[in-house]
Amino acid sequence: PYLVEVMDEMTSLEFQGLVLVGPARIGKSDLFYNWLLHSTVCDPGDMIFYAMTREVARDISHGDLGKVFRHTKELGKRLVAGRNNDNTFDKRFRNGMRLLMRWPTITELSGKTVPRTWFADYDRVEDADDIAKEGPMFDLGMKRTTTYKRYGMTVAETSPGRPVENSKAWIPSTPHEAPPTRGILGLYNRGDRRRRYWRCEHCREAFEPDFALLNYPDSNDYAEAAEMVTLRCPHCGYDHTPDMRRHLDTEGRWIKDGMIWRKDGSIDGKPRKTNIASFWLKGPCAAFQTWQSLVFNYLQAKAAYDATGDEGPLKKTVTTDQGNPYIPKVLEASRSPEKLMESADDWNTTREAPTVPPGVRFLIATVDVQSGGRAGFVVQVTGFGDGGDAWVIDMFRVLKSERLDDAEERLPMKPESYLEDWDWLVENVIEKSYPLADESGRRMSIKLTACDYGGADGVSTNAREFWRKMHEEGRGSRFALVKGKGKDAASRSAPTVAKRFPDANQKDKFNAARGDVPVWFLNSNELKDTLSGLLDRKDGGGGKWTFPHWAPKWFY
């Protein structure tokens with residue numbers, strides 16, 4: 001049932017591309033043979049099939065494709081006989097249509113204009129993300145169908161084969177967004193991001209069947225554990241047994257990103273606008289693979305990894321059995337944004353009106369100075385309480401200065417070039433105060449603002465000049481410059497914090513105040529190690545960190 005909508009979209013005039021991500025044994029290859037049959041009998045148009053290599057193209061042509069021609073009579077009888085018309089890499093039909101069997105080289109991807117293109121096992125193709133430095137294979141394929149406009153179609157299918165990149169910094173921006181990878185999941189993210197949903201037999205709520213929902217006992221007998229597997233509803237906890245799978249999928253639906261399948265059967269929401277129909281199917285849906293085999297293969301691979309440290313078997317079962325991208329253990333072990341989000345709390349505050357929670361005794365603001373395309377200030381306000389507990393009160397970015405152009409529009413911030421841009425910090429950070437969450441009407445001022453010293457050329461000079469200005473205006477005790485030191489081995493033995501005057505040795509006859517600006521140098525290695533431990537604390541009173549529930553994703 002899950003293949004019907006995919007095949008329907010192959011002849012859709014709304015899309016020019018189609019992407020199918022899924023585990024092995026779901027029937028992906030049959031999609032092409034059905035498309036070939038439909039094209040030949042109902043809607044003739046040249047087709048090109050790209051296999052991983054020339055040898056694989058040959059094997060498919062003499063193997064499965066040959067059987068399709070022999071046993072599908074309506075297709076086979078339309079072939080033109082003769083070596084020139086029916087050979088390994090070129091098939092001609094009586095209606096004038098051609099089927100080309102090719103492999104992905106820049107030569108084979110250029111100079112051919114066809115309305116229908118198929119890429120098999122996309123993530124198993126070497127250099128698929130950049131063929132001969134001319135771009136992704138899928139995009140090069142779509143160029144071949146451009147002439148046919150909405151009548152052209154380029155299809156790519158595979159199980160996910162590219163590892164997750166930078167999962168530590170990724171939080172999905174939409175419910176169906178795939179993790180940051182190259183290859184097929186990168187293409188999937190460019191499409192309308194459909195996922196297969198089933199409806200619970202007990203509570204009738206919709207959910208996406210995923211390996212993570214498979215429930216099985218913890219046993220050293222992997223075969224016994226696999227035989228007892230069920231699929232647990234994430235809403236009510238009902239355990240679905242393997243014999244229910246066919247019925248579950250018959251009632252299943254493909255749901256686009258941005259849409260919701262409601263309990264009454266209606267589908268509401270606004271789908272993504274794109275010219276690519278993209279589908280991602282997970283392992284429990286696979287028609288030709290059992291839940292028992294999914295569990296057994298995973299437990300075996302996990303045991304091999306625990307015994308030898310070899311991630312190969314584990315990666316294989318995650319990608320080809322479960323239909324999920326593989327996260328290398330070195331990334332999986334790092335702290336994820338989702339883990340930090342678990343420490344979020346609501347203390348009667350909103351992003352528009354942050355407040356200070358009970359327990360905070362003083363506030364510190366820290367300012368990161370950025371340059372280049374995102375030049376400006378990134379500010380974080382943190383409240384500290386007894387025992388070192390910390391609450392992040394506020395965080396914001398400013399990219400526009402108070403300087404105006406000829407059209408009276410605010411110009412971009414350039415802290416490295418304009419000293420007047422630093423004046424923004426006075427009212428918006430240094431002199432800022434926040435109401436207490438107890439609704440008493442009291443406010444708490446920022447005790448100290450610590451600002452980044454260094455970065456792009458010009459930042460240090462303007463930072464010193466701004467410190468002097470704050471000192472002259474009587475705000476010297478409320479503004480400090482800081483710089484992290486921790487990129488070399490020697491810094492590990494450096495003091496946690498040291499006060500220095502970095503401009504004291506400058507030989508600049510025009511600098512009349514040499515050595516008057518203190519900078520606090522921080523041992524970044526030591527402080528980061530300490531903070532890493534505190535971020536895992538669950539109980540207060542010893543340095544626990546808490547974030548506001550409204551914190552934007554860029555903060556994490």
Side-chain angles (χ1 to χ4, degrees), residues 1-7 18-35 49-53 55-57 59-60 63-65 67-68 104 118-126 128 137-138 155-164 178-179 181-188 194-196 198 208-214 222 226 229 231 242 245-246 248-249 252 254 278-302 304-305 310-327:
Y2 54 74
L3 295 179
V4 175
E5 185 172 327
V6 182
M7 288 187 289
L18 186 145
V19 172
L20 175 60
V21 191
R25 320 273 32 110
I26 66 171
K28 295 190 294 290
S29 299
D30 283 343
L31 290 177
F32 173 74
Y33 301 133
N34 287 349
W35 195 25
F49 180 101
Y50 287 100
M52 288 184 289
T53 64
E55 290 70 25
V56 174
D59 291 343
I60 293 174
D64 289 349
L65 183 60
K67 295 175 183 177
V68 169
W118 182 279
F119 291 106
D121 287 324
Y122 192 91
D123 274 7
R124 305 306 179 279
V125 175
E126 189 174 356
M137 183 169 66
F138 186 81
V155 180
E157 59 84 4
T158 187
S159 55
R162 302 287 194 273
V164 174
T181 70
R182 301 188 182 188
I184 198 72
L185 282 176
L187 300 179
Y188 161 85
R194 306 182 205 194
R195 296 201 192 180
R196 190 70 173 175
W198 288 351
E208 182 186 16
D210 190 277
F211 182 82
L213 297 180
L214 292 182
Y222 303 148
V229 65
L231 183 70
R245 183 173 65 174
R246 179 71 182 186
L248 287 168
D249 197 60
W254 283 105
S278 59
F279 302 81
W280 185 3
L281 190 77
K282 302 296 183 64
C285 297
F288 306 106
Q289 183 160 252
T290 65
W291 296 351
Q292 291 91 333
S293 66
L294 291 178
V295 172
F296 184 79
N297 293 344
Y298 172 76
L299 292 176
Q300 273 200 326
K302 180 67 166 52
Y305 169 75
D310 181 10
E311 295 186 54
L314 200 56
K315 178 179 180 180
K316 182 179 182 298
T317 191
V318 169
T319 57
T320 62
D321 293 337
Q322 300 175 20
N324 286 315
Y326 184 70
I327 301 177

Just by modelled atom types, is the [Y] backbone N or O under 3.5 Å from a matching donor or acceptor in the [X] side chain?
| X | Y | value |
| --- | --- | --- |
| Lys282 | Pro23 | no |
| Tyr2 | Gly252 | no |
| Asp123 | Thr158 | no |
| Trp35 | Met7 | no |
| Tyr33 | Asp64 | no |

Between [X] and [Y], is any pair of side-chain heavy atoms under 4.5 Å apart?
| X | Y | result |
| --- | --- | --- |
| Lys302 | Thr317 | no |
| Pro284 | Arg196 | no |
| Trp118 | Glu157 | yes |

If you round to the nearest 0.5 Å, how far is [atom2] of [Y] from [atom1] of [X]?
| X | Y | atom1 | atom2 | value |
| --- | --- | --- | --- | --- |
| Leu248 | Leu231 | CG | CG | 7.5 Å |
| Leu18 | Leu31 | CG | CG | 8.5 Å |
| Ser278 | Leu20 | OG | CG | 10.0 Å |
| Leu65 | Ser29 | CG | OG | 11.0 Å |

Handout entry: Arg25 atom CZ: more than 12 heavy-atom contacts under 6.0 Å
Key = no

If you compare all heavy atoms of [X] against all heavy atoms of [Y], which two are closest, and at what distance to 0.1 Å?
| X | Y | answer |
| --- | --- | --- |
| Leu185 | Ala178 | CD2-CB, 3.9 Å |
| Thr319 | Pro160 | CB-O, 3.0 Å |
| Cys285 | Leu281 | CB-CD1, 3.6 Å |
| Pro104 | Tyr50 | N-CD2, 4.1 Å |
| Arg124 | Arg162 | N-NH1, 4.5 Å |
| Thr181 | Pro325 | CG2-CB, 4.3 Å |

Practice task
Among Phe138, Phe119, Tyr122, find the one that has a side-chain contact (heavy atoms from CB on, under 4.5 Å) with Val19.
Solution key: Phe138

Practice task
Would you sort out whether Asn324 and Trp280 count as a side chain to side chain contact (heavy atoms under 4.5 Å, CB included), showing the intermediate values?
Solution key: CA-CA 9 Å; Asn324 286 315; Trp280 185 3; 3.9 Å; yes

Fill in the blank from the handout: So side-chain hydrogen bond (donor to acceptor under 3.5 Å, both in side chains) across residues 289-299, not counting sequence neighbours, yields Thr290-Ser293, Asn297-Asp321

